[in-house]
Structures are given as structure tokens and as C-alpha cells.
Amino acid sequence: MPRVQPEDFRLVKLQELRRLGVDPYGGRFPNTQPIGEILLAFEPESPKRVRAAGRITNLRAMGKASFLDIKDRSGSVQAFFQHKRLGQEKFRIHDQLEPGDLVGVDGELTKTRTGEITIFVDDFTVLAKALLSPPEKWHGLRDPDMRYRRRSVDLFTNEEVAECFLKRSRIVDGIREFLRQRGFIEVETPMMQPLPGGAAARPFITHHNALDIDLYLRVAPELYLKRLLVGGMERVFEINRNFRNEGIDRQHNPEFTTVELYQAYGDYSDMMELAECLVRSLALQIDPGGKLPFGEMEINYAAPFKRLDYFNAFQEANGFPADDVGRVREKARRLGVEEARLGDELVLDRVFEATVEDHIVQPTFVVDYPAALSPLTKPKPDDPRVAQRWDLFIGGMEMGTAYSELNDPQLQEKKFLQQLEGEDEEQETLRTVDDDFLRALAYGMPPAGGMGLGIDRLVMLMTNNPAIREVILFPLLRPRKEG
RNA sequence: GCCCCCUUAGCUCAGUCGGCAGAGCAACGGAUUCUUAAUCCGUGGGUCCAGGGUUCGAGUCCCUGAGGGGGUACCA
């Protein structure tokens, strides 16, 4: 038994092609024009010869003639195959074509009697015989699970899916362009790290045989990018994957892409300006009015984004101050948070999430977080309990975070050690002290602003897809035997 | 992790009160030289997710499990 069972009726056609002396898996087919361009260049009064290649998406056979719809990445065109025009031998080969096959065609571009722009084919090449049928033409491939598992089919069948990933590519291009113009250079730092740092999340663990050491897939690139600041790379960014061994839902995939950047001699207010400008410019590229739908919501990307002071917002939403530990815990219990085994600062964060963050729809910077939640962040000069940090929320999602980066090596060490002391509700969440990073800091890191933005979520907003799996080409799925 | 829903032909789906397993598309045979989801005539196609139970009889009711979807929880 082959691993993938071809459909019998397609094997028959495959054999017939070979019997006719045709290689069903063609070869180079040069000098084609994108179908979209062919259609744009059409002039009714002066028919031209054209050459196109693509997938047969539909086929209407009528005895001695048939119409095939041929689709490439740029568009779709009708091709007319006629016995009279092709001759007995070629028409016989044409009879073996089916929806899903890839063909190259040569012919004259004119209109049919009904006015459809059509390639009147006088020669063609079989480029690939499909041994599995494409999805049914009315409803197509709709089941989300099947769409993710067979993303190839999803992409060539569902126009809007292909479009979404085209947009994603353009968004990433846009981010790179934006940052280059501001003097940032792109770098790549380790995805496999001896110590997972930069965020508190459960890491994936792997093993390197030659060195016989465990390595962690990174949960964040932060500590490496900061080493580059020490090294004198004053404006750096990295667009790459992070890996977190956590749950999967509409906003979370175990591997996800972020852009993380550092700007020497700046701080979190520079990052705020940068983030606002970047996100706004991406939105404006899609809608000149800067208003985009997201599910039931309409998001207005007009500047300036709203600013919300963490402690003021907390007081306003809850009617008591964030440092009233007793009332914070009481509120947490009422919200159904199991607060007993959590530290004060984590309980506060839960209550803040439930009462403030979850209700944010329009682009909003939540500014000045409790320092206890932000160990890599420079505290405010006038109040060490407050960190120079903001989180950006849009459409109910956390889009990113930024700090004035902590560059005091001794304070950093102290904060690392405090993290170790805090009772750890997640046994698997590693909290370690990265001595090598501390050593780098000790050589002197310039004060800097740093920021991370979730690119998948950004794409969700820009393409109006409320599920992260719609914007990741191959989201993680449970493997399935029968396929 | 917990709650709710879904799983029937290659695909998209219907299936009433527990009583012979259904449609469209796709496939196969035929007709058709300007069609547009082509049309017309004909044919074949099922481990009803898996296992167990109730019943004279289960796609349908009950239990267990698997996979998926949605929600919720977790994710400095």
C-alpha cells in the first residue's frame, strides 16, 4: 500500500497520458505571463498570442470542445480547447485533463461569443497530473481543522486565505522598512538557549548530543538583544519566533512571531511614539481612514492612542487603590481567581486584567506597571515601586510591551534574585539567574528603550481574523494518523 | 484542566417519534464544437468517529474513549 492512495480514476488518466507518450510531470515552461497581467493588457481590437501556466480549477467539456478555467497566483482565465484547432492527437491528451491538474497553454487571447476573455489554445503542456481531486467546487474546503492540516489545498482553493498570507508578508515588509528608515539593523540571536530568559513562560526543552547539554527554545530574545546594546549595536531589531509551552487558543500558538527592538539612549516614551507610528502606518496602508473592523468591533487607529495610567485605571475601575492588598485579594476571590497561592503582585495583575485590560477595545497604552511585575525594567526615579513600562492593547488583545531597559547591573541582579524567592505557582516556569547576561551588563549597557510586538496578532487585526491560526501558515495541531 | 457543541459517501451537508442510509457536487458510461457552479440521459458509491450498553430493532437513546470547534482557566 502506498502511503498516500491516489484516486483510481485519476490513475487511469495518468496511465493514458503515459501511453500517449506524454510526461505527466512536465518540466520547465518558460516565458509565461501572469494571468492577471494578461487580462489587464487585453485589447479587443488586437488579439495577441499569450502563454500562461496554472491549475485547472473548473472544466466544462462539450464533446469536441471544452472550457477550462486556469488559475495562477495573479488571477484566473478561461481557456478554450477545441478539437478543430488542436487536432486529434492533442485533443486526446486534453481528454485526460481534470480539475486540479497543472497545465501550460499557448494561444490567442480573444473574446468568446458571450464576451468572456479567453485563451483559444493551440498548444499546451501537462505540467503536473493531480492524483487527488481538489475540494468540491461549490462549498470547497471549509472545515477549519482540515484547512489547517491541508494548508496547500486551502491556499490554492480559498482566495481569501492566500490573500491573508500575502498581506502578512507585506506587513512584515512594512515593519522592516519602517525600522530601517529609523536606523535599526536586523539581527538574529539564538533560538536555542542554555538558559531561557526574558519572559516567565514554560519553555520547550531539547538536547544537543555532541555537547551533551539540554537547551531551551527561547521564550524571548530580550537578553541577547541587550548584549548587543552593550556591544555598541545601538539600534537593533529581530523578527523571529518565540516558543512557549503553554495552552493553545484563539490568541495563542506555541510558536509565534514577534518583532523585538532596542534603541540606545532612548526610553519607553520613545517606544510609545514608535509603536504608535508603526501600528498606525500599517493600518493606514489598509484603510486610508485608519479604521479597521475586527470581529464585531471597529478599531480606530487615529493618533494619539489612549494612555491609561496603571494605578489610576485600577483605582477607577475598582474603587480602591492597587496597593490595598487586602481589598485586592478580596476582589480577586470575587472574580474567581485562586489567589491563595499567588504572590501579591500576581493577584493584583489578575484583578487588573479582569477589570481593566479585558475591556480595552481601542488602541490603548497602559502605562507605568508595578515594578514587581517587571524585573527587567528601569524603575521610576521618584518611585521605585513603579516600572517604566507600557503594554499596548488593541481589540481585547495584548499587542506588545515596552520598557525603559534596566541597565544597572547590581539592581538587575537583585531583581533576578527576588524573582527566585517569590513563591512559584508554576513549577515548570523556570526562573534562573543568567550570570553571563549580568556580566555583560556590568561592562555598561547604554540606557535604552526596548519593545516587543506580536506580529501574528498584528496581522490578525490588519486582516480581521479573530483566530491566530488563520494568520499562521502551519499552526500546531495534534498529529492525526489517517490523513 | 473544566463546560457546551460537532463527527453520516471523495467534498459540503440533511436524516422527523428508535423501524429499508439520503441530496447536491465529484466519480463512472453516453450525448453535446461558445460554456460560465454548462446542460441532458444513465450507473456505481457507506466501518453513520471507535468501543460497550438498552431494545425485537440504534445513525438516532445511555456510558466510555478519540478527534475537532467554541467558551473558560492557565500564560510577570
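To find a chain, count down the sequence lines: A is the first, B the second, and so on, and within it residues start at 1. Computed from a predicted structure; not experimentally measured.
- Rounded to a whole angstrom, the distance from the C1' atom of B:rG51 to that of B:rA66 is 11 Å.
- Among the atoms of the strands shown, none is found under 4.0 Å from any heavy atom of A:Phe91.
- Distance check, rounded to the nearest 0.5 Å: CG of A:Asp324 to NZ of A:Lys331 gives 12.5 Å.
- For the pair A:Gln412 CD and B:rA76 C1', the interatomic distance rounds to 13 Å; values are reported in whole Å.
- Here the separation of B:rG29 from B:rG45, taken at their C1' atoms, is 15 Å to the nearest Å.
- Using Watson-Crick or G-U wobble geometry with both donor-acceptor distances under 3.5 Å, B:rC17 finds no partner in any strand shown.
- Per the geometry, CG belonging to A:Leu131 stands 15 Å off P belonging to B:rA27, to the nearest Å.
- Here A:Lys13 reaches the OP1 or OP2 of B:rC28: one of its side-chain N or O atoms lies under 4.0 Å away.
- Searching all strands for a Watson-Crick or G-U wobble partner of B:rA66 with both distances below 3.5 Å returns B:rU7.
- Here the C1' atom of nucleotide B:rA26 and the CD1 atom of A:Ile56 are 15 Å apart, to the nearest Å.
- Side-chain contact between A:Phe256 and A:Phe243 is absent, with no heavy atoms from C-beta onward closer than 4.5 Å.
- We find that A:Arg147 and A:Glu470 are joined by a salt bridge, their nearest charged nitrogen and carboxylate oxygen being less than 4.0 Å apart.
- Not a single donor-acceptor contact under 3.5 angstrom links the side-chain atoms of A:Glu116 to the base of B:rU35.
- Ion pairing between a basic and an acidic side chain is recognised when a charged N comes within 4.0 Å of a carboxylate O; A:Arg227 and A:Asp434 show such pairing.
- Donor-acceptor pairing under 3.5 Å, judged by distance alone, is present between the side chain of A:Thr112 and the base of B:rU35.
- With a cut-off of 3.5 Å on both Watson-Crick or G-U wobble distances, the partner of B:rU54 is given as none.
- A salt bridge does not link A:Asp122 with A:Lys90: every distance from a Lys NZ or Arg NE/NH1/NH2 to an Asp or Glu carboxylate oxygen is 4.0 Å or more.
- Between A:Arg329 and A:Asp344 a salt bridge is recorded (basic side-chain N to carboxylate O distance below 4.0 Å).
- Set against B:rC28, B:rA76, B:rC34, the side chain of A:Glu98 has B:rC28 as its closest nucleotide.
- Heavy atoms of A:Pro375 sit under 4.0 angstrom from at least one base atom.
- For A:Arg60, no side-chain nitrogen or oxygen approaches OP1 or OP2 of B:rU35 to under 4.0 Å.
- Rounded to whole Å, atom P of B:rU72 lies 9 Å from atom CG of A:Asp358.
- Considering only the side chain of A:Ala65, B:rU33 comes nearest among B:rU33, B:rA76, B:rU35.
- Distances from the side chain of A:His252 to the nucleotides B:rA76, B:rC74, B:rU35 place B:rC74 closest.
- Between A:Arg385 and A:Asp383, at least one side-chain N (NZ, or NE/NH1/NH2) sits under 4.0 Å from a carboxylate O, which counts as a salt bridge.
- Taking the P atoms as reference points, B:rA27 lies 15 Å from B:rC11, given to the whole Å.
- Residues A:Glu16 and A:Lys13 are not paired through a salt bridge, judged by the lack of any N-O separation under 4.0 Å between the basic side chain and the carboxylate.
- Both distances falling under 3.5 Å, in either a Watson-Crick or a G-U wobble arrangement, occur for no nucleotide opposite B:rU47.
- Going from atom CZ of A:Phe81 over to atom P of B:rU35 covers 18 Å, rounded to whole Å.
- Of the listed nucleotides (B:rU33, B:rU35, B:rC75), B:rU33 has the atom at the smallest distance from the side chain of A:Lys84.
- Between A:Lys129 and A:Glu98 there is a salt bridge, since a side-chain N of the basic residue sits under 4.0 Å from a carboxylate O of the acidic one.
- Both distances falling under 3.5 Å, in either a Watson-Crick or a G-U wobble arrangement, place B:rU72 opposite B:rG1.
- Among the heavy atoms of the strands lying under 4.0 Å from A:Phe9 are primed sugar atoms or P, OP1, OP2 only; no base atom is included.
- Taking atom CZ on A:Arg113 and atom P on B:rU36, their separation rounds to 13 Å, with Å as the unit.
- Side-chain atoms of A:Arg85 do not come within 3.5 Å of backbone N or O of A:Val121 as any donor-acceptor pair.
- Ranking B:rU32, B:rG68, B:rG69 by closeness to the A:Arg149 side chain, first place goes to B:rG68.
- Between A:Arg85 and A:Leu59, the residue anchored nearer the 5' end of RNA chain B, judged by the nucleotide with its closest heavy atom, is A:Arg85.
- No hydrogens or angles were tested; on distance alone, a donor-acceptor pair under 3.5 Å links the side chain of A:Asp249 to the base of B:rC74.
- For the OP1/OP2 pair of B:rG70 and a distance below 4.0 Å, the side-chain nitrogens and oxygens of A:Arg250 include at least one atom meeting the criterion.
- Mapping A:Ala372 and A:Pro99 onto RNA chain B by nearest heavy atom places A:Pro99 at the nucleotide closer to the 5' end.
- Between the P atom of B:rG29 and the CG atom of A:Asp95 lies a distance of 11 Å, rounded to the nearest Å.
- For the C1' atoms, the distance linking B:rA31 with B:rG69 amounts to 46 Å, nearest Å.
- Ionic pairing of A:Lys71 and A:Glu159 is present here: one or more N-O contacts between side-chain nitrogen and carboxylate oxygen are shorter than 4.0 angstrom.
- In this structure, A:Tyr148 places its OH atom 16 Å from C1' of B:rG67, rounding to the nearest Å.
- Comparing the C1' positions of B:rC25 and B:rG19 gives a spacing of 30 Å, expressed to the nearest Å.
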- Query: If the sugar-phosphate is the primed atoms plus P, OP1 and OP2 and the base is the rest, what is the B/S/- string for nucleotides 4-14 of chain B, using protein heavy atoms under 4.0 Å?
  - Reply: -------BS--

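- Taking a pair to require two hydrogen-bonding distances under 3.5 Å in either a Watson-Crick or a G-U wobble arrangement, B:rU39 pairs with B:rA31.
- The gap from the C1' atom of B:rC4 to that of B:rA73 amounts to 15 Å, rounded to the nearest Å.
- Comparing B:rA58 with B:rG70, their C1' atoms are spaced 29 Å from each other, to the whole Å.
- B:rG57 and B:rA21 have their P atoms separated by 16 Å, given to the nearest Å.
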